[in-house]
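None of the values given here were measured: they were computed from a predicted structure.
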Amino acid sequence: MLYVLEAVIIIAICVAGCFVAFSNYKKNVEATIGNAEDKAREIVDEALKTAETKKREGLLEIKEESIKTKNELDKEIKERRAEAQRYERRVQQKEESIDKKADALEKKEASLARREEELAKQSAVVARLNEERIQELERISGLTSEQAKEHLLKIVEDEVKHETAVMIKEMESRAKEEADKKAKEYVVTAIQKCAADHVSETTISVVQLPNDEMKGRIIGREGRNIRTLETLTGVELIIDDTPEAVILSGFDPIRREVARIALEKLIVDGRIHPARIEEMVEKAQREVEIMIKEEGEAATLEVGVHGIHPELVKLLGKMKFRTSYGQNALKHSIEVAHLTGLLAAEMGLDVRMAKRAGLLHDIGKAVDHEMEGSHIQLGAELCRKYKESPIVINAVESHHGDVEAQSLIACLVQAADTISAARPGARRETLETYTTRLKQLEDITNNFKGVDKSFAIQAGREVRVMVVPEQISDADMVLLARDISKQIEAELEYPGQIKVNVIRESRVVEYAK
């Protein structure tokens, strides 16, 4: 029992010890757990604090970022709104402009419609008046239907011609404007192969001036004086740097002499204006006609031939101003007359008749630049017209072998003509070619209908055509100039180019009494 009691006591002690140990352990554990819980709570609290801090910081950053983004969005929205407003204003302005233009167009359309209506009414009135005019013309003229038709066709032809001339003029002006650009890139030079010194001596005259101030007075305001003198005489005035001198250039010596005398009279008179120029040119023409007559009479006296018709004498005087291959025609005729007379005396023939035939053998050259035909044909016709003897007529026709000589005197004229022309220095063929071309220029232009007179000037580089204003209208001038230039191109050979200058001038004269 004792042992049991001891065992129970021991067990009880062990149990008590275990209980105490367990209590202590439990206390220690509880204390440890409490410390751990406190530390855990502290850690959790710290973590919560840190998380709260981080959260607040994150929220602040997010808020700042959202504010920044919002500001940027607001700025962009404002810019886009301003741009939209500007665009809207532009659209509104354009709409207003379009509305204004539409209103203006509507007004113009209305105005055009009214004008079209007015024009239609006017056209109807014009058509009615034209119809009435045609009916009245038919009634007054009493024309047949065919004649009336021809008359109407003529009217239509004139209208078409006028429209064609206007169209050609416009097209030519446009072509010239375009061609001027190209023309500046090219230089066209034409050198005439002629005896330059000889041509200069026989195609120009020099008028001495008292001083160089006179050149300005000769030219006149805007060139009207020199233009009037050139137009009236057909001679070109060259006013260059030559001191106290004016050069008159022209292939026709008669015109040049008229211009020289007229200019000298104007210089002496001092009053130089278009009306005075016309007066002096007329006086100079009369003086030249008197000079021509006197030269013809002097030639007949020198040769010793009398009884020649006065018109033939005058034509002989004109030959003083005519050259053949550079040889003066009158001097050549006088020389042939003397040679023929000497040969006739040696052979015992009629000396006076021989001289007469020799003097008149080239009489056709006085008019061959004015009339169609060779100088032989024209000379024979003139001799027949003024009742010359058959011997003289045959000598004129046969002196170049065109017709068979029917008398010894005609054969002597042939020989004398050959001797006079063949002597050294008597002729220069280049000058004759040059003057012939100038005459051909004038002949071509004079053959056109409505041409009053024409002058070849500037060494044949220009032909100045004076037309009859009653026959040629301003529109016809365009076609006439074109036709003349085409015919010159077809018929003549020449270096460079020739300017066709058509002039139409109308004058009305009335006297106050």
Review point. Which residues pass the ring pair (Phe, Tyr, Trp, His ring centres under 6.0 Å) test with F448, sequence neighbours left out?
Key: none
Exercise for review: Enter the distance from L479:CG to S473:OG here, rounded to the nearest 0.5 Å.
Suggested key: 8.5 Å
Check your understanding: Does some side-chain heavy atom of V351 sit less than 4.5 Å from a side-chain heavy atom of K355?
Key -> yes
Practice item. Would you please test R504 and Q471 for side-chain contact (heavy atoms from CB on, under 4.5 Å) and show each step? Key: CA-CA 10 Å; R504 178 177 182 266; Q471 298 181 15; over 6 Å; no
Point to revise | I488 side chain reached by I484 side chain, heavy atoms, under 4.5 Å | key: yes
Check your understanding: How would you list all residue pairs meeting salt bridge (charged side-chain N to carboxylate O under 4.0 Å, His left out) that involve residues 292-303, not counting sequence neighbours?
Key -> E295-K320
Check your understanding: Near R224 CZ, under 6.0 Å, is it more than 12 heavy atoms from other residues, nucleotides or ligands?
Key -> yes
Practice item. Determine, for R260 against E257, whether the closest basic-nitrogen to carboxylate-oxygen distance falls under 4.0 angstrom. Key: yes
Exercise for review: Using the side-chain contact (heavy atoms from CB on, under 4.5 Å) rule, take I363 and M319 through it: C-alpha gap first, then chi angles, then the decisive distance, then the call.
Suggested key: CA-CA 8 Å; I363 194 69; M319 291 173 65; 4.0 Å; yes
Point to revise | CD-OG1 distance between E278 and T228, expressed to the nearest 0.5 angstrom | key: 7.0 Å
Practice item. Could you check if a side-chain atom of L492 sits within less than 4.5 angstrom of a side-chain atom of I444, using non-hydrogen atoms only? Key: yes
Point to revise | Working for side-chain contact (heavy atoms from CB on, under 4.5 Å), residues I391 and D350 | key: CA-CA 11 Å; I391 295 176; D350 188 344; over 6 Å; no
Review point. Does A456 offer a backbone N or O that forms a donor-acceptor pair with the side chain of E442 under 3.5 Å?
Key: yes
Study note, to complete from the structure: Closest heavy-atom pair, V396 versus I376, reported as atoms and distance to 0.1 Å, is O-CG2, 3.6 Å
Review point. Does the distance from a Lys or Arg side-chain N to an Asp or Glu carboxylate O, for E505 and R227, drop under 4.0 Å?
Key: no
Check your understanding: Heavy atoms, side chains only, cut-off 4.5 Å: are K449 and L480 in contact?
Key -> no
**Study point:** Contact summary for R356 and G307, nearest pair of heavy atoms
**Key:** NH2-O, 3.1 Å
Practice item. State, to 0.1 Å, how close N394 and E404 come at their nearest heavy-atom pair, and which atoms those are. Key: ND2-O, 3.3 Å
Review point. Under the side-chain contact (heavy atoms from CB on, under 4.5 Å) criterion, do I308 and L359 qualify, and how do the steps go?
Key: CA-CA 11 Å; I308 297 178; L359 185 63; 4.1 Å; yes
**Study point:** Side-chain touch I334/H338, heavy atoms, less than 4.5 angstrom
**Key:** yes
Study note, to complete from the structure: Taking every heavy atom of I393 against every heavy atom of E388, the minimum-distance pair comes out as CD1-O, 3.6 Å
Review point. If you measure from CD on E287 to NZ on K265, what distance do you get to the nearest 0.5 Å?
Key: 3.5 Å
**Study point:** Minimum side-chain heavy-atom gap H361-T340 below 4.5 Å
**Key:** no
Point to revise | Distance in Å, C383 SG paired with L378 CG, rounded so as to fall on 0.5 Å steps | key: 11.0 Å
Exercise for review: Could you tell me the separation between the CG atom of L316 and the CG atom of L360, rounded to the nearest 0.5 Å?
Suggested key: 5.5 Å
Point to revise | Partners passing ring pair (Phe, Tyr, Trp, His ring centres under 6.0 Å) against H309 (at least two apart in sequence or in another chain) | key: Y386
Revision key, fill the gap. Here the pair of heavy atoms bringing M353 nearest to S389 is SD-OG, 3.6 Å
Practice item. Measure across M477 and V502 and return the closest heavy-atom pair with its distance rounded to 0.1 Å. Key: CE-O, 3.3 Å
Practice item. Using a strict cut-off of less than 4.0 Å between a Lys/Arg side-chain nitrogen and an Asp/Glu carboxylate oxygen, indicate whether E381 and R384 qualify as a salt bridge. Key: no
Study note, to complete from the structure: Rounded to the nearest 0.5 angstrom, the NZ-CG distance for K387 and L312 is 12.0 Å
